[in-house]
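Lettering of chains follows the sequences in order, A, B, ..., and the numbering in each one begins at 1.
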2 protein chains.
Amino acid sequence: MIGKLIEGLRATGRRLTRTRRAVLRVLEGNQYPLSASELYERLQKEKVSIDLVTVYRTLTVLKELGFVSQLELHHEGQFRYEIRQGRKHHHHIRCQGCGRIVDLLLCPLKKLTSLIEKETQFVVNEHTLEFGGLCPKCQ
Amino acid sequence: MIGKLIEGLRATGRRLTRTRRAVLRVLEGNQYPLSASELYERLQKEKVSIDLVTVYRTLTVLKELGFVSQLELHHEGQFRYEIRQGRKHHHHIRCQGCGRIVDLLLCPLKKLTSLIEKETQFVVNEHTLEFGGLCPKCQ
DNA sequence: TGATAACTGCAAAGAATTTGCAATAATACT
DNA sequence: AGTATTATTGCAAATTCTTTGCAGTTATCA
């Protein structure tokens, strides 16, 4: 992963820094998408000296290079980021109680897309699908 | 509509005011969901004297009474509001070029919900589905 | 008409995110 | 290895959307 990161950074005239490495490492160590401030907190716990602004800027770069994807879950008012590397297209379900986010591996929308294109005359480029509910612990 | 509004307001110890009437009227005159600031601008054009804060507070009340629903479209960073009165459950498609929002009357997710509940052990209470693309003019 | 709340406007606070700029650090070249 | 170049960082401050506090205004009901 680091190898590909260096490659990607170089190709766009960027540099591999202590902070970029640290951000990527924390994201890799987490199976659910983190917000910028969550990432910041975890870095602080690990005694990595970094500014929240730098976290934002790093996430922007990683997103531009295609290493992470940016999620916008409803009722949250913030972005979340997760490693995109080698992951299939998927959606999420979020617990309305504790906020826990779980991946959904299915996506039933491919067929629907062409139907919608016919109906609206739009060219569909993306879709977001998200469920909200209560996880077993919060029920 | 106004009749039901008065009824709803009364029932919760609230009052029908010039501003609430105006906000509802503008929402009714629009077929696509408006943001608070868009609503504010339209009211200004109509020479209705109102503060943006009051627009927000009014939208909150209308939402609580079930007269409008609050939407959170992706890549927008703001809420939108649309009349809910007598409208069926639906989703939206938004043009990535001009931002135009069109309703989608179909919803293919009812069957999917029980599948997801089995898979995740969540109780699903809501879902959001949204498409992004280019409208005929922006293609 | 007057009393009692609810409602409004204004200013200011909050939260997430972005921007400007000088100091710092990674890279390339010698 | 040493130095010049230029990307990156940290800090402060700005932005955007939304919410809150409070005193003055207005709708409602006796």
> What pair of heavy atoms forms the shortest contact from Gly66(B) to Arg84(B), and how long is it?
Replying inline: O-NE, 3.3 Å
>> Between Leu5(A) and Phe67(A), does the side-chain contact (heavy atoms from CB on, under 4.5 Å) criterion hold? Intermediate values first, please.
In response: CA-CA 8 Å; Leu5(A) 177 59; Phe67(A) 281 85; 4.1 Å; yes
> Which nucleotide, dT19(C), dG10(D), dA11(C), lies nearest any side-chain atom of Ser49(A)?
Replying inline: dG10(D)
> Counting only distance, no hydrogens or angles, is the base of dA25(C) paired donor-acceptor with the side chain of Arg18(A) under 3.5 Å?
Replying inline: no
> Does Tyr56(A) have a side-chain nitrogen or oxygen under 4.0 Å from the phosphate oxygens OP1 or OP2 of dT17(C)?
Replying inline: yes
>> Return whichever of Gly77(B) or Leu9(A) has its heavy-atom-nearest nucleotide of DNA chain D closer to the 5' end.
In response: Leu9(A)
>> In whole Å, I'd like the distance from the CG atom of Leu43(B) to the C1' atom of dG9(C).
In response: 15 Å
> What about Arg14(A), does its side chain sit under 3.5 Å from the base of dT8(D) through a donor-acceptor pair?
Replying inline: no
> Rounded to the Å, how far apart are Leu52(B) CG and dT20(D) C1'?
Replying inline: 14 Å
> Is Gln70(B) reaching over with its side chain to a backbone N or O of Lys63(B), donor-acceptor style, under 3.5 angstrom?
Replying inline: no
>> Between P on dT8(D) and CG on Leu62(A), what's the gap in Å once rounded to a whole number?
In response: 11 Å
>> How many whole angstroms separate atom CG of Leu71(B) from atom C1' of dT18(D)?
In response: 17 Å
>> Can you measure Leu5(A) atom CG to dT8(D) atom P for me and round it to whole angstrom units?
In response: 11 Å
> Are His127(B) and His91(B) close enough that their ring centres sit under 6.0 Å apart?
Replying inline: yes
>> The side chain of Arg15(B) is closest to which nucleotide in this list: dT18(D), dG9(C), dA5(C)?
In response: dA5(C)
> What are the two closest heavy atoms between Leu52(A) and Tyr40(A), and how far apart are they?
Replying inline: N-CE1, 3.5 Å
>> By nearest atom, which of the nucleotides dG9(C), dT18(D), dC11(D) is closest to the Arg57(B) side chain?
In response: dG9(C)
> Of the candidate nucleotides dC7(C), dT9(D), dC17(D), which contains the atom at the shortest distance from the side chain of Arg20(B)?
Replying inline: dC7(C)
>> What is the separation between atom CD on Glu72(B) and atom C1' on dA16(C), rounded to the nearest whole Å?
In response: 13 Å
> Separation of Gln78(A) atom CD from dG14(C) atom P, in whole Å?
Replying inline: 18 Å
> Among the nucleotides dT18(D), dC11(D), dT17(C), which one has an atom lying closest to any side-chain atom of Val53(A)?
Replying inline: dC11(D)
> In whole angstrom, what separates Asp51(A)'s CG from dC21(C)'s P?
Replying inline: 18 Å
>> Heavy atoms from C-beta onward define the side chain here; which of dA28(C), dA27(D), dG10(D) lies closest to that of Arg10(A)?
In response: dA28(C)
>> Does a side-chain N or O of Thr17(B) approach OP1 or OP2 of dA6(C) to a distance below 4.0 Å, or not?
In response: no
> So which one's nearest nucleotide on DNA chain D is more toward 5', Thr60(B) or Leu16(B)?
Replying inline: Thr60(B)
